[in-house]
Amino acid sequence: MTVLVLGGTAEARDLAARLHERAIPVVSSLAGRVSRPRLPVGEVRIGGFGGVEGLTAWLREHRVQAVVDATHPFAERIGANAFHAARAAGVPLLRLARPGWQPADGDRWHWTADLEEAAALLPGLGERVFLTSGRQGLAAFADLDPLWFLIRCVDPPNQPLPRRYELVLDRGPYRLDGERALMTEHDIDVLVTKDSGGAMTAAKLAAARELGLPVVVVRRPPRPSTTETPAVEAAVEWILNQ
Ligand code: NAP
C-alpha cells in the first residue's frame with residue numbers, strides 16, 4: 001500500500017518516520033513554501049498538485065490507499081482539496097491535527113476571526129507588537145503606522161510591511177527564557193499569534209503570561225469534517241486498519 005501524508009508540520013514528519021520504521025510505503029508531500037524545509041524521512045514530493053483535480057489524479061495514478069492530511073491548521077486550501085480529492089478518488093482520509101492552545105490563569109487573550117480583525121484590534125492594546133503569525137498575511141498590518149513591530153518568520157516576507165519594524169528570521173522550537181528575553185529586550189507590549197497549537201512555539205504564550213501582556217489569538221479556519229486524531233500513533237493504527 002502507499003500512504004500519502006500531506007505535510008509541512010512536525011506531526012507529519014513524525015508520522016512519516018513511524019511508517020518508514022514499519023516499512024509501510026509513504027510519500028510525504030510539501031507545498032514548497034519555505035526555502036530550506038525540514039525534510040521527513042522516506043520519499044518526498046514537493047509542490048502543489050494543481051487543485052482538487054490534480055490531487056485526485058495523483059491519488060489514482062500512484063494507487064494511494066490512504067491519505068493523511070497532517071498540514072498546518074491554517075493551511076485551509078489544501079485541507080479542503082484533500083477532502084474533495086479523497087472522496088472523488090474513493091480513498092480514505094484522516095486528519096491529523098494538534099489541538100489548539102487553551103488560555104491558562106493570568107492570560108489576557110483576545111480571540112479574532114482572522115488577521116484583519118487582529119490588526120484592527122491592535123491600536124487599542126499596545127504600541128510595540130511581537131507579530132508571530134508567519135509571513136503570509138502580513139499585509140493586514142501594513143497600514144498600522146503608529147505601531148512598531150517585531151516580525152518573526154522563517155523566510156523573508158514578500159508582502160507589504162508596516163512602516164516601522166524589525167525582522168527576525170527564525171524557526172522553532174523556542175524556549176521560555178529566549179522568548180522572555182526577546183520580548184523584554186524589544187519592550188514588547190502585545191503579542192499576535194495564530195492558534196497553531198503544539199509545543200514547539202508555545203513558549204511565547206507563557207512569556208506573555210509572565211510579563212502580563214495581552215495576546216491576540218487568531219482562531220483556526222474551518223475545515224471539512226472528517227475522521228480526525230491529534231495523536232501520531234493513532235494515525236499509524238488507522239493506516240494499519242485501511
Ligand atoms: P494552503 O493555503 O492550504 O494551500 C495553498 C496551495 O498550496 C494548495 O492549494 C496546494 O496547491 C499547495 N499545498 C499546500 N500544502 C501542500 C502540501 N503539503 N503538499 C502539496 N501542496 C500543498 O497552504 P499554506 O497555508 O500556504 O501552507 C503551505 C504549507 O505550509 C502546508 O503544507 C502547511 O502544512 C505548511 N505550513 C503552513 C503554515 C500556515 O500558517 N499556513 C504554517 C506552517 C506550515 P495545489 O492546489 O496546486 O495542490
Side-chain angles (χ1 to χ4, degrees), residues 2-16 26-40 42-62 64 67-86 88-89 91 93-98 100-101 112-116 118 131-141 151-155 157-159 169-174 192-202 204 216-224 226 228 230 232 235:
T2 294
V3 178
L4 175 67
V5 176
L6 299 167
T9 58
E11 302 80 76
R13 289 190 293 276
D14 189 0
L15 177 60
V26 54
V27 179
S28 295
S29 176
L30 302 179
R33 281 290 178 281
V34 296
S35 54
R36 287 178 297 114
R38 288 194 174 111
L39 292 176
E43 194 178 330
V44 179
R45 65 162 302 286
I46 298 182
F49 293 94
V52 175
E53 250 178 54
L55 181 52
T56 307
W58 200 96
L59 295 176
R60 290 192 174 127
E61 197 179 312
H62 293 81
V64 170
V67 181
V68 179
D69 171 12
T71 57
H72 191 272
F74 283 79
E76 198 176 350
R77 203 134 43 97
I78 189 70
N81 289 358
F83 178 83
H84 293 295
V91 178
L93 169 72
L94 178 73
R95 169 79 180 133
L96 170 62
R98 57 185 103 145
W101 287 318
T112 67
D114 51 32
L115 291 171
E116 287 67 26
L131 185 51
T132 64
S133 51
R135 75 175 182 151
Q136 296 188 61
L138 285 176
F141 302 89
I151 300 174
R152 182 167 70 191
C153 39
V154 177
D155 279 328
N158 52 4
Q159 295 199 357
L169 297 182
D170 202 357
R171 57 165 42 146
Y174 301 107
V192 178
T193 181
K194 291 174 174 172
D195 178 18
S196 298
M200 279 173 59
T201 59
K204 61 190 171 188
V216 180
V217 186
V218 180
R219 278 186 206 287
R220 295 178 171 196
R223 259 180 140 88
T226 188
E228 180 166 339
V232 175

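The first residue of the sequence shown is numbered 1, and numbering continues consecutively from there. Indexing begins at 1, ligand by ligand and atom by atom, following the structure's order. Keep in mind it's a predicted model, so treat the numbers as computed, not measured. Hydrogens, waters and symmetry mates are skipped; everything else that's a heavy atom, side chains included, is used.
Ring-plane geometry between Trp58 and His62 is classed as parallel, the angle between the planes falling under 30 degrees on a 0 to 90 degree scale with a further cut at 60.
At a 4.0 Å heavy-atom cut-off, the residues surrounding ligand 1 are Gly7, Gly8, Ser29, Leu30, Ala31, Arg33, Arg45, Gly47, Gly48, Phe49, Gly50, Gly51, Thr71, His72, Phe74, Ala75, Glu76, Arg77, Ile78, Asn81, Gln136, Lys194, listed by chain and number.
Residues passing the side chain to side chain contact (heavy atoms under 4.5 Å, CB included) test with Leu169, sequence neighbours excluded: Cys153, Pro156, Leu167.
Of the N and O atoms on the side chains of Thr201 and Arg152, not one donor lies less than 3.5 Å from an acceptor on the other residue.
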Practice item. Could you go through the salt bridge (charged side-chain N to carboxylate O under 4.0 Å, His left out) check for Arg95 and Asp69 one step at a time? Key: CA-CA 5 Å; Arg95 169 79 180 133; Asp69 171 12; 3.4 Å; yes

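In terms of modelled atom types and a separation under 3.5 Å, the side chain of Asn81 and the main chain of Gly51 share no donor-acceptor contact.
At least one side-chain heavy atom of Arg171 sits less than 4.5 Å from a side-chain heavy atom of Arg38.
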